[in-house]
Protein chains: 2
Amino acid sequence: MNTKPTMKEVAAAAGVSVMTVSRAFRSDASISDATREHIRKTADDLGYVFDSVASNLRSQRSGFVAVTIPSINNANFADTVAALTSRLDAAGLQVLLGRTNYDMAEEERLIGQLLRRQPEALVVTGGHHTERARRMMQKAGVPVVETWDLPKAPLGHVVGFSNTDVMRFMVAHLTARGYRRIAFIGGDSAYDTRGADRRRGFVAAMEERGLDPSRLITVGRPPVSMREGAAAMAILLDTLPDTEAVVAVADPAAFGALTECARRGVRVPDDIAIAGFGNFEISGVAVPALTSIDPFPARIGEQAGQLIADLLRGDATKNGPTLIEVEPQLVARASTGAG
Amino acid sequence: MNTKPTMKEVAAAAGVSVMTVSRAFRSDASISDATREHIRKTADDLGYVFDSVASNLRSQRSGFVAVTIPSINNANFADTVAALTSRLDAAGLQVLLGRTNYDMAEEERLIGQLLRRQPEALVVTGGHHTERARRMMQKAGVPVVETWDLPKAPLGHVVGFSNTDVMRFMVAHLTARGYRRIAFIGGDSAYDTRGADRRRGFVAAMEERGLDPSRLITVGRPPVSMREGAAAMAILLDTLPDTEAVVAVADPAAFGALTECARRGVRVPDDIAIAGFGNFEISGVAVPALTSIDPFPARIGEQAGQLIADLLRGDATKNGPTLIEVEPQLVARASTGAG
DNA sequence: ACATGGCTTGTTAACGATAACATACAGAAG
DNA sequence: CTTCTGTATGTTATCGTTAACAAGCCATGT
């Protein structure tokens with residue numbers, strides 16, 4: 001009673017060999033229904049708990065898929081993780097989640113830690129990593145999937161979209177509605193690499209159209225909060241009052257900007273238009289509703305999970321790395337005069 | 001090169017025994033700095049990755065703390081997990097996260113899965129569990145911490161607050177400001193047990209003051225979304241137009257309610273007051289800012305992590321289960337005529 | 001010079017499960 | 001009746017690391 005029972009105890013109590021107990025706890029093994037039933041019941045009575053650690057060591061399969069995301073508290077990444085988790089769950093795999101806090105150095109540390117647990121696959125957010133992190137992932141000997149991005153030099157598989165190109169849709173939408181003096185609100189580029197990509201995309205798209213791409217407001221480290229979005233809007237209204245439209249790096253910042261307008265009596269979209277990115281719930285609910293871009297986070301998780309399940313079952317085409325592009329979609333709403 | 005190197009290979013390459021390599025990868029073991037340095041370098045050159053699985057089996061220490069939360073995408077729980085994670089990280093422990101989706105049956109399944117990984121402690125959200133889940137946790141032989149609640153019959157340790165009592169503060173605040181006809185917006189009680197507790201607390205507090213506690217709007221399964229909050233407000237305004245104040249089970253629902261008022265031209269707080277729970281960022285940013293209750297999620301995670309670190313170091317007082325109450329605080333803002 | 005003790009390194013067995021192989025047995029086929 | 005086939009169970013060795021114990025070496029004190 002002092003120490004927790006092992007298969008040995010269960011085997012003794014059930015009058016069978018340890019191997020038979022082992023088989024009773026797996027789905028595919030050949031064992032008669034009666035024996036399995038009997039062993040399960042005996043185990044239950046003894047309070048036996050299967051030890052995955054020992055199982056993992058002997059079978060050399062951890063059942064883990066390591067996943068890193070910048071922040072847990074972000075509806076977009078959470079949706080991806082949720083979809084990924086349920087897809088992998090169906091394949092008998094468990095997600096081992098790590099949070100990088102938008103920091104490549106932290107990501108490197110985390111990947112090192114996660115790899116020690118012998119994951120069967122690795123899913124990371126974004127395509128920017130430290131050199132050491134890249135090397136670790138390449139030598140890990142398991143499938144690597146980069147998500148939420150379309151890296152120029154992928155480490156392995158990719159499920160995502162181009163954060164640069166996506167801004168073209170947004171600038172096209174705004175110029176089509178007649179806006180010319182358009183500003184961008186984002187965070188410190190040294191950290192949020194995907195946000196920096198979107199800013200780059202914004203600048204490029206503006207330049208392509210011969211428009212001034214210099215209205216850039218930077219506020220703090222990512223993720224850019226609602227409060228910081230409001231602060232950025234305050235700066236913008238104070239320093240560049242003739243701005244006609246604002247694109248925020250993500251919806252929470254866009255919503256913060258919207259609230260600042262409300263506080264100042266600036267009408268949206270009559271006086272200034274606002275748009276975000278991510279299609280967070282708040283964008284559909286806010287008054288006025290915010291134009292955004294839906295990157296289909298759940299679809300990203302679903303596809304990544306499917307890919308990994310296929311790869312590990314071994315029946316996937318082994319024709320090198322897969323690239324799955326999940327095309328984002330512009331959602332036009334009242335905040336840019338649409339909807 | 002085909003198979004990944006083990007300590008054996010590293011030992012051979014470095015010209016030492018396997019045991020010495022093992023020591024080189026731990027912090028406390030007695031080994032000379034020169035040898036450690038040499039082994040670390042050799043290991044690095046070989047691309048050796050420490051195998052936690054084998055280590056865990058032999059040492060009977062997994063380095064895991066299993067944690068269950070209802071939803072990943074909730075700023076409150078995310079803050080708790082973040083604080084818990086960083087506190088445990090300092091103690092060399094890794095969080096193994098599972099999401100219950102506000103479902104006790106799912107929680108039971110999850111706890112069973114997590115226990116197989118031999119966690120060194122278990123942190124669960126809430127004090128309501130299935131009978132089987134309770135039994136599993138009690139027999140797990142590791143510290144169990146229930147959070148975000150103050151259960152009547154705790155399983156072990158507790159770090160939280162009473163979801164029932166907390167509504168007393170809110171009703172007191174509203175009645176002090178002169179509101180009498182107060183409604184409550186919540187989700188299906190069969191799922192969100194903490195939400196149901198808050199609803200119970202609301203009813204009790206209203207009755208204590210001789211006020212009508214029957215203005216209860218129920219919308220869907222938890223978590224109650226912004227959209228559902230808006231829908232609930234629509235129902236309320238249509239069916240009980242003389243309501244003076246509304247308390248939502250959580251801030252997102254409260255914000256949804258606020259947006260519905262904005263769409264209808266109902267003024268807040270002049271025509272109706274709104275309050276929420278959780279002190280999410282949105283409540284401080286919304287216009288008008290929303291009155292809420294701050295449950296100090298980070299403090300909950302911090303305390304739970306500290307408790308576990310102490311317990312596992314063994315130097316904690318073993319005087320039975322610990323109960324740490326983290327007192328929530330009312331944050332009065334413009335949406336109830338304050339601030 | 002020799003015992004003592006601290007520091008560093010090595011040897012052996014074990015953690016709890018499963019892969020691989022061996023074997024027993026029942027019913028089918030010849 | 002013998003051989004064959006397939007299902008159900010058992011035996012042995014092993015996954016990669018570390019606990020426990022053993023032992024060597026060197027400096028120090030007497």
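Side-chain atoms are counted along with the backbone in the values below, which use heavy atoms only and exclude waters and symmetry mates. Throughout, a chain's letter reflects where its sequence line sits, starting with A, and its residues are numbered from 1.
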- [ ] Would you mind classifying the nucleic acid contact of A/Arg26 as base, sugar-phosphate or nothing, using non-hydrogen atoms under 4.0 angstrom?
- [x] sugar-phosphate

Task: Euclidean distance, atom NZ of residue A/Lys4 to atom C1' of C/dG16 [Å, nearest integer] - done: 12 Å

- [ ] Please indicate whether B/Arg61 has more than 12 foreign heavy atoms, meaning atoms of other residues, nucleotides or ligands, lying under 6.0 Å from its CZ.
- [x] no

- [ ] Ignoring backbone atoms, test whether A/Thr35 places a side-chain nitrogen or oxygen under 4.0 Å from the OP1 or OP2 oxygen of D/dT9.
- [x] yes

Open item on the list: Is A/Ser30 close enough to D/dG6 that one of its side-chain N or O atoms is under 4.0 Å from OP1 or OP2 there?
Closed with: no

Task: Nucleotide D/dT17, atom P - distance to CG of A/Asn56 in whole Å - done: 15 Å

- [ ] Classify the nucleic acid contact of B/Ser32 as base, sugar-phosphate or nothing, counting any heavy atom under 4.0 Å across all strands shown.
- [x] sugar-phosphate

Open item on the list: Strictly below 4.0 Å: does B/Tyr48 bring a side-chain N or O up to OP1 or OP2 of D/dT17?
Closed with: yes

TODO: Could you check how far CE of A/Met19 sits from P of D/dA13, rounded to whole Å?
DONE: 15 Å

TODO: Check the pair A/Glu106 / A/Arg109 against salt bridge (charged side-chain N to carboxylate O under 4.0 Å, His left out), numbers first and verdict last.
DONE: CA-CA 5 Å; A/Glu106 177 64 10; A/Arg109 195 186 72 91; 3.1 Å; yes

Open item on the list: Classify B/Ser52 by what it touches in the nucleic acid, base, sugar-phosphate, or nothing, heavy-atom distance under 4.0 Å.
Closed with: nothing

Task: Residues in ring pair (Phe, Tyr, Trp, His ring centres under 6.0 Å) contact with B/Phe296, at least two apart in sequence or another chain - done: none

TODO: Quick one: label B/Ser55 by what it contacts on the DNA or RNA (base, sugar-phosphate, nothing), any heavy atom closer than 4.0 Å.
DONE: sugar-phosphate

TODO: Quickly work out the A/Ile31 CD1 to D/dT7 C1' distance and round it to whole Å.
DONE: 12 Å

Open item on the list: I want to verify a distance call: between D/dA8, D/dG10, C/dT9, whose nearest atom is closest to the A/Val16 side chain?
Closed with: D/dG10

TODO: Rounded to the nearest angstrom, tell me the gap between atom CE in B/Met7 and atom P in D/dC15.
DONE: 15 Å

TODO: Check the pair B/Ser32, B/Thr35 against side chain to side chain donor-acceptor pair (under 3.5 Å), reporting the backbone distance first and the verdict last.
DONE: CA-CA 5 Å; B/Ser32 77; B/Thr35 312; 2.6 Å; yes

Open item on the list: Could you tell me how far apart A/Asp33 (CG) and D/dT7 (C1') are, to the nearest whole angstrom?
Closed with: 12 Å

Open item on the list: Whole angstroms only, please: what is the NZ-P distance between B/Lys8 and D/dC15?
Closed with: 7 Å

Open item on the list: A side-chain contact here means heavy atoms from C-beta on lying under 4.5 Å apart; do A/Leu97 and A/Ile69 qualify?
Closed with: yes

- [ ] Could you check B/Ser17 against A/Phe50 and say which one's nearest nucleotide on DNA chain C is further toward the 5' end?
- [x] B/Ser17

Task: Other residues, nucleotides, ligands: >12 heavy atoms within 6.0 Å of B/Lys139 NZ - done: yes

Open item on the list: Categorize B/Phe25 for me: base, sugar-phosphate, or nothing, with a 4.0 angstrom heavy-atom threshold over every strand shown.
Closed with: nothing

Open item on the list: Quick one about A/Glu108 and A/Thr130 (side-chain donor to acceptor, distance below 3.5 Å, no hydrogens or angles considered), yes or no?
Closed with: yes

- [ ] Using whole Å, report how far CD of B/Glu9 lies from P of D/dG16.
- [x] 8 Å

- [ ] Specify the residue among B/Arg23 and B/Ala54 whose closest nucleotide of DNA chain D lies further upstream toward the 5′ end.
- [x] B/Ala54

Open item on the list: Between A/Thr20 and A/Ser17, is there a side-chain donor-acceptor contact under 3.5 Å, judged purely by atom types and distance?
Closed with: yes

TODO: Report which part of the nucleic acid A/Val53 touches: base, sugar-phosphate, or nothing (heavy-atom distance under 4.0 Å, all strands).
DONE: nothing

Open item on the list: Tell me whether the side-chain N/O atoms of A/Thr20 come closer than 4.0 Å to OP1 or OP2 in D/dT9.
Closed with: no

TODO: Using heavy atoms and a sub-4.0 Å distance, could you list which residues of residues 57-65 of chain A are near DNA chain D? By number, please.
DONE: A/Leu57, A/Arg58, A/Gln60

